[in-house]
Amino acid sequence: MRPVRGMRIVAALAVGGLALSAAACGDAPDENNNAGGGGAKPASKYTACMVTDIGGIDDKSFNASAWAGIQEAAKEQTNIDPKYVASSSEQDYEPNLNQFVNQKCNFILAVGGLMADATKKVALAHPDQQFGIVDSVIPEASNVFPMQFDTAQAAFLAGYLAAGYSKTGKVATYGGLPIPPVTIFMDGFADGVAYYNQQKGKNVQVLGWDKAKQNGSFAQSFTEQAKGKAISDTFVAQGADVIMPVAGGTGLGTAAAAQQSGGKYSVIWVDQDGCNSAAQYCSTFLSTVVKNIKDAVKEAVVKGAKGEKLDASAGFIGTLANNGVSLAPFHEFDSKVPAELKSELDQVKQDIISGKIKVTSPAQPK
Amino acid sequence: MTATEQRETPEATLAREETFLQHFLHSLWAANTVTVTVLSIVLAVIVGGILIIVSDEDVLNTYSYFTARPSDALNASWDVVSDAYANLFKGSIVDPAAVQGWIDGSNGWQAVFSPISETLTYAAPLVFTGLAVALAFRGGLFNIGGQGQAVIGAITAAVAGILIPLPIVLAVTVAVVAGAAGGAVWGFVPGVLKARTGAHEVITTIMLNYTAGLFLTWIVLQRGVHDPDRTDAISKPVDSAARLPHLLGDGLRMNLGIVLAVAATWVVAWLLNRTTFGFELRAVGANPDAARTAGMSVTRTYTLLMVVAGALAGLGGATQVLGTAYALTPAVAGNIGFDGLLVALLGRNRPWGVLLAALLFGALRAGGNRMQSFSGISLELVTVLQALIVIFIAAPALVKAIFRLRAARAARLQTSVAKGW
C-alpha cells in the first residue's frame with residue numbers, strides 16, 4: 001500500500017506543480033510601486049456603512065438601490081469609503097448596527113422600516129453617531145436622518161397613464177401584502193384612474209383595489225411568481241389589459257405571463273425602472289413607478305461627507321417635485337403611447353407639483 | 001488468569017501502563033464520535049479558509065506570480081484567513097482589545113461580555129429546536145416541522161404577551177407557557193395523524209410549516225395585533241412585563257432564554273434516560289413492532305412524543321419573540337426550525353450534544369456578524385461552514401479516509417448512520 005500511495009502523492013504534486021507553474025509564472029510586481037504616492041491621501045476618510053434588511057444586497061429592490069446610492073456617492077466624493085453588511089435574519093439588525101458603531105463609521109444607513117426598532121435602540125444609545133434610515137422615521141432620535149417617499153404621487157401618474165392607454169377600459173393592480181408601503185402605490189393608482197375618468201367623462205374600472213374600503217387582491221408573498229401569474233390571469237380573464245403588481249418578485253410572474261401572452265396586456269412595474277432591474281421583460285413594461293432611493297441616499301451621504309448637518313426633523317420626503325419619485329420612460333412603448341396622453345401626463349405632473357391636484361393616501365409619510 | 005497476574009514482574013506492570021497510554025491514544029485516533037466531530041470542524045475550517053482565499057480577488061492576484069515570489073501569496077493568504085477567523089473568534093468568544101480597554105478603563109465591562117452574550121442569544125432558540133428534532137428522532141420520527149412549531153410558539157407567546165396584562169413574573173411565565181402550548185398543538189396534529197392513520201410525519205410536518213408561516217403573515221396584520229402606529233407588517237410590542245429579563249443588564253441581549261434552554265436540555269436528558277416514557281420512546285424508536293409486542297402503546301408514544309417535541313420547538317419560537325424581537329413580523333422566527341435539524345444532526349440526537357452543537361452554531365452566527373463587518377467576508381461563508389461541518393459529520397467514512405482513522409471498537413457510529421439521515 002505505502003509505496004503506491006507515495007507514488008500517488010508524488011504524481012499529484014508533479015501535476016499540481018506543473019499546472020501552478022504554468023499559471024503562476026507571471027512577474028512579481030515592483031515592491032516599491034506605492035511608496036511614492038502615499039502623501040496624496042484625501043484629507044479625511046468618511047465611512048458610509050449600510051446594513052441591509054433580510055432581503056440582502058442583491059434584492060433588485062430597495063437594498064440594491066440604497067447600495068447603488070452609496071456607491072455613486074463614493075464615486076463623486078473620493079474620500080467616501082463605502083461598506084455594507086447583509087442581515088440574514090431580523091435578529092442580526094441590532095448586532096450589525098452595533099458592529100458599525102464599534103468600527104466608528106461616520107454614517108450608518110439602516111434600510112427598511114422593519115429595522116426601525118433596532119435602529120432606534122442603537123441610535124439612542126449612541127447619540128453622537130450619525131444614522132440614516134430608509135422608509136421610516138424615528139421622531140425620538142435626532143441623529144437618525146429619515147428618508148421617505150410619497151410614491152402615491154408617481155402612482156397617480158401611472159394610474160392616469162394606464163387609464164389612457166387601456167383599450168378594454170379595465171386596468172388592475174395587486175399587492176404583496178396589505179401593508180402601507182404597498183397600498184400607497186395602489187391608492188395613487190386608483191386615484192389616477194379616477195381623475196382620468198373625471199377629466200374625460202369615461203368609466204375606466206380598477207380591478208384589485210378599492211381605495212375607500214382599503215381592500216383588494218394580495219398575493220401574500222413577495223417572492224412566489226406562480227401566485228403573481230395566477231392573479232394576473234384572473235384579471236386578464238376579467239378584461240384587464242394593464243396590470244400594476246406591487247409585490248416585488250411575485251410581480252415577475254405577471255411580467256412573464258404578459259410576455260407569453262404576446263402583447264395582450266402590459267405591465268406597470270414599481271420601485272426601480274423595470275427595463276434596468278428586470279430587463280428580460282422590458283418588452284412588457286409600459287412604465288415604472290420609480291421610488292428613487294438611490295439618489296436620496298447618495299445626496300444624504302455626499303452631504304454628510306462634505307460636513308453638512310443632516311437635519312433629522314426635516315428629513316427627506318421624495319416627491320415628484322424633487323424627483324424622489326417619478327414615472328420612468330416608456331422605453332419600448334414610447335411609440336405606442338399617444339403624444340396627447342404624454343402631454344396630459346406632463347400637465348398632471350405639474351398640477352401635482354403645484355398642488356392643484358392633491359394626492360392623498362392613508363399610507364403617505366406624515 | 002489470577003495466577004498469571006500474581007506472577008507479574010514490575011517490568012510487566014510498566015509495560016501494561018504503556019499499553020494503557022497507547023490504548024488511550026489509539027482510541028483517540030479511532031473513529032469515535034468525538035474525534036469525527038472535532039475533525040469535521042477542522043476540515044470545514046480548512047475548506048472555509050480556501051474559500052476565503054479564492055473569493056478574495058487581491059489575494060488571488062498574488063497567486064498569478066506565485067513562482068516568482070511565493071511569499072506574497074502565502075503572506076496575503078495567511079493575512080486574510082487569519083484575520084477572518086480572528087474576527088470570528090472575537091465576535092463570538094472574547095475580544096482581547098475589549099479586555100485591554102476594560103483594564104485601561106476606556107470601555108465598560110459590557111464590551112468584554114458582549115461577544116459571549118451574542119453567542120448565547122443566538123444559541124438559545126437553536127437548543128430548543130434542536131432538542132425538538134433530536135427527541136423525535138430518538139422515537140423514530142423525523143420532525144421536519146420544527147420551523148412551523150416554532151412559528152406557532154412565537155405567535156402564541158407574543159399574543160399572550162401583547163393581549164394579557166399581568167404583573168411581571170406571571171406575565172413572562174404565561175407567555176412562555178403559551179409558546180410551549182402553541183408548539184405542542186402544532187406537534188400534536190402530525191403526531192396523532194401518524195399514530196392513528198399512518199400519515200407520514202415528514203409530509204404532514206412540512207405542510208404544517210407552510211400553514212404556520214402563512215398564518216403568521218396573516219395574524220401580524222390583524223386588528224388588535226398589528227401596531228397601528230407603524231406602516232409596515234409588524235405587531236404591537238410585547239408588554240415589557242412579558243419579556244424574558246436580560247441577564248447582564250439592558251446593554252447586552254443575553255436573556256433568560258439560554259437558562260431555560262439549559263434547563264430544557266437537562267429535562268430532556270432526564271426524560272429520555274430516567275423515565276418510563278423515555279424508555280418506551282427509545283424502544284418504539286428502535287423497533288415499533290417489538291415495542292408493541294412487548295405491550296407498549298406505539299400510538300400513545302408517537303402522539304405524546306410529537307406533543308413534547310412541538311412544545312420544545314414552540315419554546316424556541318417563544319424565546320425568539322420574548323427574548324430579542326419583542327414583536328411579531330413575518331420573518332420573526334428566522335430559520336431556527338431548519339437550523340434545528342442541523343443542530344440535532346451535529347449533536348447526534350443526544351440532549352447535551354444538541355446543547356453543544358447549538359452553542360457552536362450560535363458562536364458561528366455571532367462571530368459571523370463581526371467577520372462580515374470587520375473583514376468584509378460575506379455572511380454566507382458562515383452558512384457554508386455550518387453546511388460543511390454537517391456534511392463531514394454525515395459522511396464519517398470520508399473523515400475516516402482523510403485522516404486514516406481506524407474503526408472504533410464499538411460500532412455505534414455506523415449504526416447511527418445506518419439508521420437514517
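Every value quoted in this text rests on a predicted model; they were computed, and no experiment measured them. So you know, we letter chains A, B, ... as the sequences are listed, proteins then strands, and number each from 1.
Heavy atoms of A:I54 lying under 4.5 Å from chain B belong exclusively to its side chain. Within the 4.5 angstrom heavy-atom criterion, only side-chain atoms of B:T324, from C-beta onward, approach chain A. No part of B:A325 comes within reach of chain A, as not one of its non-hydrogen atoms sits under 4.5 angstrom from that chain. With a threshold of 4.5 angstrom between heavy atoms, B:N369 approaches chain A through its backbone and through its side chain. Only the side chain of B:Q320 comes within less than 4.5 Å of a heavy atom in chain A; its backbone stays farther off. Both the backbone and the side chain of B:T121 come within contact range of chain A, with heavy atoms under 4.5 Å apart. For B:Q372, the parts sitting under 4.5 Å from any heavy atom of chain A are the backbone and the side chain alike. Neither the backbone nor the side chain of B:Y326 comes within contact range of chain A, judged by heavy atoms closer than 4.5 Å.
Ionic pairing of A:K121 and B:D250 is not present here: no N-O contact between side-chain nitrogen and carboxylate oxygen is shorter than 4.0 angstrom.
Counting non-hydrogen atoms of other residues, nucleotides and ligands closer than 6.0 Å to CD of B:E57 gives a total of 12 or fewer. No more than 12 heavy atoms of other residues, nucleotides or ligands shown are found within 6.0 angstrom of OH on B:Y210. Around the NZ atom of A:K120, the shell of radius 6.0 Å holds no more than 12 heavy atoms that belong to other residues, nucleotides or ligands.
Note: A:P180 leads A:A125, A:P181, A:P180 in heavy-atom pairs under 4.5 Å with chain B. Contact count versus chain A (heavy atoms, under 4.5 Å) is highest, among B:G334, B:A233, B:S114, for B:A233. Between chain B and the options A:F100, A:Y84, A:Y93, the largest number of non-hydrogen pairs under 4.5 Å is found for A:F100. Between chain B and the residues A:Q99, A:K83, A:E94, A:Q220, the largest count of heavy-atom pairs under 4.5 Å involves A:Q99.
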**Prompt:** Going through the checks in order, is the side-chain contact (heavy atoms from CB on, under 4.5 Å) test met by B:L379 and A:V85?
**Reply:** CA-CA 8 Å; B:L379 197 59; A:V85 297; over 6 Å; no

**Request:** Would you check, one step at a time, whether the test side-chain contact (heavy atoms from CB on, under 4.5 Å) holds for A:D92 with B:R365?
**Result:** CA-CA 9 Å; A:D92 298 344; B:R365 287 296 305 279; 2.9 Å; yes

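Taking 4.5 Å as the limit, some side-chain heavy atom of B:I234 sits within range of a side-chain heavy atom of A:D117. Looking at heavy atoms from C-beta onward, A:F222 lies out of side-chain contact with B:P330 at the 4.5 angstrom threshold.
Taking CD1 from A:I57 and OG from B:S378, the interatomic distance works out to 11.5 Å, rounded to the nearest 0.5 Å. With values rounded to the nearest 0.5 angstrom, A:F218 atom CZ is found 12.5 Å from B:T217 atom OG1. Atom CD1 of A:I179 sits about 8.0 Å away from atom NE2 of B:H226, to the nearest 0.5 Å.
Remark: side-chain polar atoms of B:R253 are paired, donor with acceptor, to backbone N or O of A:Q91 under 3.5 angstrom.
Taking both residues in full, the closest heavy atoms of B:R230 and A:G113 are given as NH2-O, 2.9 Å, listed atom of the first, atom of the second, then distance.
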